[in-house]
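First comes the structure, then the notes that go with it.
When a ligand or atom number is given, it counts from 1 through the structure's own listing order. Owing to the predicted nature of the structure, the values given are computational and were not obtained by experimental measurement.
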Amino acid sequence: SHLRHVESMRISPSGAGRIPELKAVILGESLASEENDLVFPSDEFCKQALVSSPEKYLEMYKWSIEDPAGFWSGIASEFYWEKKWGQQVYSENLDVSKGTINIEWFKGGLTNICYNCLDANIKSGNGDKIALYWEGNEPDVDGSLTYKQLLERVCQLANFLKDKGVKKGDTVIIYLPMIMELPITMLACARIGAVHSVVFAGYSAESLHQRVVDCKPKIVITCNAVTRGTKIIDLKNIVDAALLESSQNGISVDLCLTFENKSAMKKEDTKWQKGRDLWWQDVVPTYPTTCDVEWVDAEDPLFLLYTSGSTGKPKGVLHTTGGYMIYTATTFKYAFDYKDSDIYWCTADCGWITGHSYVTYGPLLNGATVVVYEGVPNYPDSGRCWEIVDKYKVTIFYTAPTLVRSLMRDGNEYVTRYSRKSLRVLGSVGEPINPSAWRWFYNVVGDSRCPISDTWWQTETGGFMIAPLPGAWPQKPGSATFPFFGVQPVIVDEKGNEIDGECSGYLCVKSSWPGAFRTLYGDHERYETTYFKAFPGYYFSGDGCSRDKDGYHWLTGRVDDVINVSGHRIGTAEVESALVSHPQCAEAAVVGVEHEVKGQGIYAFVTLVEGVPYSEDLRKSLVLVVRNQIGAFAAPDRIHWAPSLPKTRSGKIMRRILRKIASRQLDELGDISTLADPSVVDQLISLADS
Ligand code: 6R9
């Protein structure tokens, strides 16, 4: 078979770092458990694949690790640079003991990511190709824009922004649902060098307010409302409430541009603040359809995206321009085996990193045709995704395990009703995909012919870090497989020692990659502490990981106080601080528990203020306070009354014990003797089902 020669290509550890060990694969060993079954790409797929064999991958990987500067500058040269980068392709320091953490790629180079997404593709003859297909919430509402038309829309908005005084380096908050104006706005900001900060339109007014205060935007761009499924969400009201609170805290935003999303709600019903609010349709179309590009340094900021960490305060992850551009484009191309004829659909919202890198930038940099969908996957029924796939002849479909699991539960007939014969590559992101969901996705959705790219990465990493290149590898259901070019994942033990071979531990990365985030906005110290101090010399991901005897990587979930609900990162501390803001809540401790569809559910232990009785109404109002402060997606699945919480003598809550109680693994509580008051545990257990 085509795998025979791989063994001889293994690279010594002193050479290029760790290279997958393929002995077992070659010898056809393994296959003990379901997880270890190998799924081979078809010969037909391999023949047309960009990376068609493990040998080819290893050759490219080896080059990328041995000569990052040469590897990445070769790729970067295929993009448009107004001025080439300086002498040094990259510089980095990932070791706090040697000074400030610093990562730079292509410094001194001048470019513009919007130019590379649009103008460059138009110049190369793709002007009339569809850039965006838009599918509305209702099946009969849709639209599309060619690359030329998209550029015109982007330029009009860019001109408007400039006219309103938005300059290079200024921040713009975008609070929009999945309508075409969302990528249009991101691109318009990039065109003029403004820094966009997209806030997922499922966040509450309180969360939006926090972000406004942190990044002080010149302007907020939103729309009146959106319909998702049968629900209408009045976004403008949420923005109004957020801006009111911000101005009471001394941060006022002078301009709120509001797109009229006609399908959702009438213009007249939208509350309006004269002097601050403008309708998009009244002003933006009056601006010229061309707009000069602001050339920016590769290291100038492109965007901020807030994400959850282990403390209550969201972190403003900052990405810069050049490295991010090269990285998202390259990862998109290889991890999806992208060809010009592909029609690509990613179900993620642009409010998350996946929507930044793999709805907007990565695909458009490749000149791809992208489907943007406004609604929810099960409206009007659970067949909607496959209806969309057939309608647009989608070839690459990228989604999250939570969606796979929920559609799997609804039954195969919703899938098999549609042809899906256009599909050729599937993708998964957001959390580990369990082998049974993997198999259903592969066998039922993909008719056992489409490789699945299970992409492990993070807001912080900008793009894919560990992902199978379709056609290159035999797959193991549930494993993200091997590192992308230029990425050196290492698994370390508690002491920070790298461990080899078959092992499990903490997932770190040694050496930088172009798409890495450069700082946390306004808090470089927190950046260093959170990511680089735990294991000196490495970037620490916050994830656990094991490596099997064949070198395949298996992500095991977060090892910090972050839970992953339907692929959304939520800090337990964020939920706790929302809960304790309730006047009748004295204390709260939140843990993640296994959830059939969401991956993890939110389980909250709540101690009430002395004398307050437990009640269903109180339970509801506690859930409501979380919805209001963070967003509906963070609402606890369960509230467990806790007369008191298990604490050590120094007052630290022992979450390990709470996790066991939450998952009813009562015989695995472990040592509880270090608790200040061990009787708390029995008390909690007795209240478990109340
Ligand atoms: C892209 C994105 C990052 C966290 C990450 C990890 C989990 C994402 C995964 C995965 C296993 C995958 N995660 N993809 N775990 N396999 N393919 O989701 O970014 O929202 O920042 O979340 O998601 O735990 O640390 P983000």
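- Near ligand 1, residues Ile353, Thr354, Val429, Gly430, Glu431, Pro432, Asp454, Thr455, Trp456, Trp457, Gln458, Thr459, Asp543, Leu555, Arg558, Asn564, Arg569 each place a heavy atom inside the 4.0 Å sphere around the ligand atoms.
- The only option from Glu460, Glu574, Glu431 that meets the salt bridge (charged side-chain N to carboxylate O under 4.0 Å, His left out) definition with Arg569 turns out to be Glu460.
- Salt-bridge formation is detected for the pair Arg384/Glu135: a Lys NZ or Arg NE/NH1/NH2 atom is positioned less than 4.0 Å from an Asp or Glu carboxylate oxygen.
- Ionic pairing of Asp214 and Lys313 is present here: one or more N-O contacts between side-chain nitrogen and carboxylate oxygen are shorter than 4.0 angstrom.
- By the 6.0 Å and 45° rule, Arg211 stacks over the aromatic ring of Tyr203.
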Task: Criterion side-chain contact (heavy atoms from CB on, under 4.5 Å) on Leu187 and Cys117, from CA distance to verdict - done: CA-CA 9 Å; Leu187 290 161; Cys117 284; 4.1 Å; yes
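- Cation-pi check for Lys333 over Tyr338 is not met; the charged atom does not lie both under 6.0 angstrom from the ring centroid and within 45 degrees of its normal.
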